[in-house]
Amino acid sequence: MSTETERKVGSLLGSSLGASPANGSSSTYPQESSQSSSAVKVIKPVSKEIDSAKEKLSLELKQKQDELRASNGVKEIRSFREKLPAFKAKAEFLKAVAENQVLVISGETGCGKTTQLPQYILEEEISALRGGSCSIICTQPRRISAISVAARVSSERGEPLGGSVGYQIRLESKRSALTRLLFCTTGVLLRQLVQDPNLTGVTHLLVDEIHERGMNEDFLLIILRDLLPRRPDLRLILMSATINADLFSKYFGNAPTIHIPGFTFPVVDFFLEDVLEKSRYKIQPESDNMQGSSRRGRRRRDQESKKDPLTELFEDIDIDSHYRNYSASTRMSLEAWSSSQLDLGLVEASIEYICRSEGDGAILVFLTGWDEISKLLDKIKGNRLLGDQSKFLVLPLHGSMPTINQREIFDRPPPNKRKIVLATNIAESSITIDDVVYVIDCGKAKETSYDALNKLACLLPSWISKASAHQRRGRAGRVQPGVCYKLYPKVIHDAMLQYQLPEILRTPLQELCLHVKSLQLGAVGSFLAKALQPPDSLSVQNAIELLKTIGALDDTEELTPLGRHLCTLPMDPNIGKMLLIGSIFQCLGPALTIAAGLAHRDPFVLPIDRKHEADAAKRSFAGDSCSDHIALVKAFQGYKEAKRTRSDRSFCWDNFLSPVTLRMMEEMREQFRDLLTDIGFVDRSKTADAYDQYSHDLEMVSAVLCAGLYPKVVQCKRRGKRTAFYTKEDGKVDIHPASVNAGVHLFPLPYMVYSEKVKTTGIYVRDSTNISDYALLLFGGNLVPSQNGDGIEMLGGYLHFSASRSVLELIRKLRVELDKLLNRKIEDPTLDMSAEGKGVVSAVVELLHSY
DNA sequence: GAGCACTGC
């Protein structure tokens, strides 16, 4: 810091000291009253008028339903509905609903459970003249399914969507006062529970797809089990796609179970050994120049550190005796087969075999990721048979590839042209391609896991579960009998886990823990211990520790005022804090954009053939900011400007941006702005620019990022002509190659903040912004004087700052004033920062610019 | 030098 800066900051700070009230009791927070969160009073139908209105509605609904039933259009649909397997179980189902508070349904694909069961309840209630007072909710894990199921059900009833049947998902709903059956995402229901913990008025709740074991669904089940005794009139129906519904039944005190068989066309399975026989493909043994280390080798287990149990199981088999009925060539291939590396030649040979020897129909190949899809695509292009573009339409399908929104994935190709889709897990449940007849399954998927010991999120390829394999296989039998080629031995299939580990055991829990607090469900640890499969207490402890570090929970694990604000923001608590600080420091626009991008999805897409251009486009948005977050802000700004001139389509195309994601981000920004308004941080009467005074100030935006993302800090240490990166928890880490900071050798500033760090082939920081030590000193963690008195420490002594005594003293003073101001603002969001905090804010700005 | 997938009053 120059003496000039020191003088300026000192004088600005001096002026602010007088402006702040003498008693800035920033450390004591007002106590939360136990009633404070039930601000929304639920209006209960007590008066006679309301009762009679309901009776009238019940009559109307019944008349309308009877009329519709008699009409011709619905008659046709009715005969279709009566052919569904669910129809046979209708009477049993309705009887069980009437007699039990909780019911578990296991229904296989194609049985019609999702569209029929909620509808049966609705029809039954309307027929019994309870239509006016019933309220049926059916949750779905995904937005698309909530919409499409609601649309299907209302059309089966011959009604417009939003009548008696509606849907509600984030930022979008079609429902009315008449809606009696609502399909919503599980997340929407969880938010609803914050306002109305008793689900007042809801008569029937159906929770669909619980076998997927998503975090929201598992969380909801804990809440519901506690709620049922308080709501004896509420009926709960759990719907699972797999026969094994025991787990859920037991969890709810041995609730009765009804099984509904499914209907799909038969699918024939072939395993690796059969595929080798049929295709005559020869797997090449690992050549010695691969150093024999990382890749493979049967019975070379002792040379390798760790192998998964399924691979070990296979390697313990004596190939010649176990596969004695197979050809010598197949046995040799099985001997050479590696479970750790997918043999793309084998995939290619399988596709070729289908194209030569089998009938018409699309082929769907399940792979693990971008890299495999890309390499296989190249291989197919060079293939003599498959490379013929007049006969084959080969399409990659991956969440961050632009093809994801193209119609041709779903459309039937012209006659004599075969569609071949190379997909990730996205085609397992999110995207359905109807005309698939052949599935090729590599047996693996990239899966997130959470290493609580090292506080590290991982994303590694692993064997899928039997349930997943079944689901993938089923993709072949939607329109006619199909075939599934599994590129792994039957022995491995038989040893696969029945189900994937539930998400609650695979994910960092800070957001969930905050949610538990906001629902006033008691101590986080003991509440989550009631889960179907409770998370490791160390994971819970890590999450609580983080929430304490960022100031969302106090020492007694109670919500602080900051924590209460964060509960209202539907995003990771670090990102929520960034948004709040951004609004306080008048960087609202960028904060909204960054929050929307990080909370939803990166809008940058990666086309398979132009990834270097895509990389360059992202870097040009970042300019010399050394920030992925700034790149995001600039890209969004560019999109908004292009929209004004109606050139957004070409802008997105030219800059490798996803228009769908950007539109979603626009809507999310509005939602966030509204939420900030609700909690007082944004005043609607002020103009938009009132909160954007520093939005173009890179140093301020970086400081806001630091305030939000702390303690996710990376140290940049110069090593000769390069920079090496370190974190407290992991030691050396790498910048993710997709980051604008990848490959940059020297950085102007000594630290980075990031929002996501993940272990794949190494430990990568996915997004980063280069920040100064002043940003950290002012907006990072608590400042602790060094033991030897010559500096300041942070992050448990991991970060050390040294400077002259007078500078350190000045920073310490400024920090005290800044914390006071922030605490006052957070306790009372209506506090006028521009008046009350003028001196402190000016001093902060001055210091941040003193580089 | 590398990228599973969802989702939120």
Side-chain angles (χ1 to χ4, degrees), chain A residues 37 39-40 139-146 168-173 184-196 209 212-217 219-220 366-375 397-401 404 423-431 442 444-449 457-462 464 468 500 503 506-507 511-512 514-515 518-519 567-572 575-576 595-596 599-602 604-608 611-612 614-615 664 667-668 671-672 674-675 678-679 734-739 741-744 756 758 760-762 764-767:
Chain A
S37 82
V40 178
T139 70
Q140 294 293 317
R142 283 170 288 281
R143 293 161 60 89
I144 303 230
S145 40
Q168 183 170 348
I169 59 178
R170 180 184 195 172
L171 305 169
E172 196 182 321
S173 73
C184 67
T185 45
T186 318
V188 167
L189 184 70
L190 283 169
R191 283 287 161 186
Q192 196 72 47
L193 275 159
V194 177
Q195 291 182 4
D196 179 10
E209 315 284 11
E212 288 184 14
R213 304 300 306 277
M215 180 138 77
N216 282 348
E217 289 70 25
F219 181 40
L220 180 62
F366 282 103
L367 300 164
T368 59
W370 200 97
D371 204 43
E372 282 179 358
I373 293 176
S374 170
K375 281 183 180 147
L397 180 61
H398 181 288
S400 56
M401 286 176 190
I404 195 100
T424 61
N425 243 354
I426 195 168
E428 201 177 293
S429 50
S430 301
I431 286 179
C442 76
K444 291 198 172 182
K446 285 192 182 165
E447 189 181 67
T448 53
S449 55
C458 307
L459 180 63
L460 300 166
S462 55
I464 58 173
S468 261
Q500 193 193 24
E503 195 185 5
R506 298 187 289 112
T507 325
E511 214 180 331
L512 182 70
L514 201 61
H515 213 145
S518 80
L519 283 159
C567 289
T568 64
L569 298 172
M571 62 191 78
D572 179 270
I575 302 172
H600 180 54
R601 193 198 301 277
D602 190 351
F604 289 96
V605 293
L606 285 149
I608 211 131
K611 72 173 177 176
H612 290 293
D615 207 40
M664 185 72 185
E667 291 176 32
M668 288 177 67
Q671 185 193 24
F672 296 164
D674 289 345
L675 290 168
D678 292 345
I679 57 177
D734 287 310
I735 300 294
H736 195 281
S739 163
N741 289 327
V744 175
E756 205 186 350
V758 63
T760 52
T761 52
Y764 289 102
V765 170
R766 283 234 172 116
D767 53 331

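Remember, predicted model here, so these are calculated numbers, not experimental data. Naming: A, B, ... by sequence-line order, numbering from 1 per chain.
In this structure, the CD1 atom of I373(A) is 14 Å from the C1' atom of dA2(B), given to the nearest Å. Here dG3(B) presents its P atom at 19 Å from CG of L397(A), a figure rounded to the nearest Å. Per the geometry, NE2 belonging to H398(A) stands 6 Å off C1' belonging to dG3(B), to the nearest Å. Rounded to a whole Å, the CZ atom of R766(A) is 18 Å from the P atom of dG1(B). A straight line from CZ of F219(A) to P of dC6(B) spans 23 Å, rounded to a whole angstrom. Here the P atom of nucleotide dA2(B) and the CD1 atom of I735(A) are 14 Å apart, to the nearest Å. Per the geometry, CZ belonging to R601(A) stands 8 Å off P belonging to dA5(B), to the nearest Å. Remark: P of dG3(B) and CE of M401(A) are 13 Å apart, rounded to the nearest angstrom.
Applying the side-chain contact (heavy atoms from CB on, under 4.5 Å) criterion to D371(A), with sequence neighbours excluded, gives K375(A).
Using a 4.0 Å heavy-atom criterion, one finds that E428(A) contacts no nucleic acid atom at all. Among the atoms of the strands shown, only primed sugar atoms or phosphate atoms (P, OP1, OP2) are found under 4.0 Å from some heavy atom of I169(A). Looking at heavy-atom distances under 4.0 Å, T186(A) makes no contact with the nucleic acid at all. When heavy atoms are screened at a 4.0 angstrom cut-off, Q671(A) is found touching the sugar-phosphate backbone but no base atom. Counting any heavy atom pair closer than 4.0 Å across all strands shown, A738(A) reaches a base atom. Residue-level contact check: L190(A) touches neither bases nor backbone, having no heavy atom under 4.0 Å from any strand. Residue M215(A) is out of contact with every strand shown, counting any heavy-atom pair closer than 4.0 Å.
Between H600(A) and dC6(B) there is no side-chain N or O to OP1 or OP2 distance below 4.0 Å. Residue T448(A) has no polar side-chain atom (N or O) positioned under 4.0 Å from OP1 or OP2 of dA5(B). Between dA5(B) and R142(A), no contact under 4.0 Å exists linking OP1 or OP2 to a side-chain N or O. For the OP1/OP2 pair of dA5(B) and a distance below 4.0 Å, the side-chain nitrogens and oxygens of T424(A) include at least one atom meeting the criterion. Remark: Y764(A) is not in phosphate contact with dG3(B), judged by side-chain N or O atoms under 4.0 Å from OP1 or OP2.
Panel note: side chain S468(A), backbone I464(A); no donor-acceptor pair is recorded below 3.5 Å.
Salt bridge annotation for E212(A)-R142(A): present, with a cationic side-chain nitrogen under 4.0 angstrom from a carboxylate oxygen.
L460(A) CG: more than 12 foreign heavy atoms inside a 6.0 Å radius.
Each of L171(A) and H736(A) was matched to the nucleotide of DNA chain B holding its nearest heavy atom; the match closer to the 5' end belongs to H736(A). Summary of the strand contacts: L459(A) and T568(A) both lie near DNA chain B, and taking for each the nucleotide with the nearest heavy atom, the more 5' one is attributed to L459(A).
Looking at T185(A) and Q140(A), their side chains never bring a donor and an acceptor atom within 3.5 Å of each other.
When distances run from any side-chain atom of P737(A) to the nucleotides dG1(B), dG3(B), dC6(B), the shortest one goes to dG1(B).
Closest non-hydrogen pair, F366(A) versus E428(A), comes out as CE2-N, 3.7 Å.
Checked by distance alone, K611(A) brings no side-chain donor or acceptor within 3.5 Å of a matching partner on the base of dG1(B).
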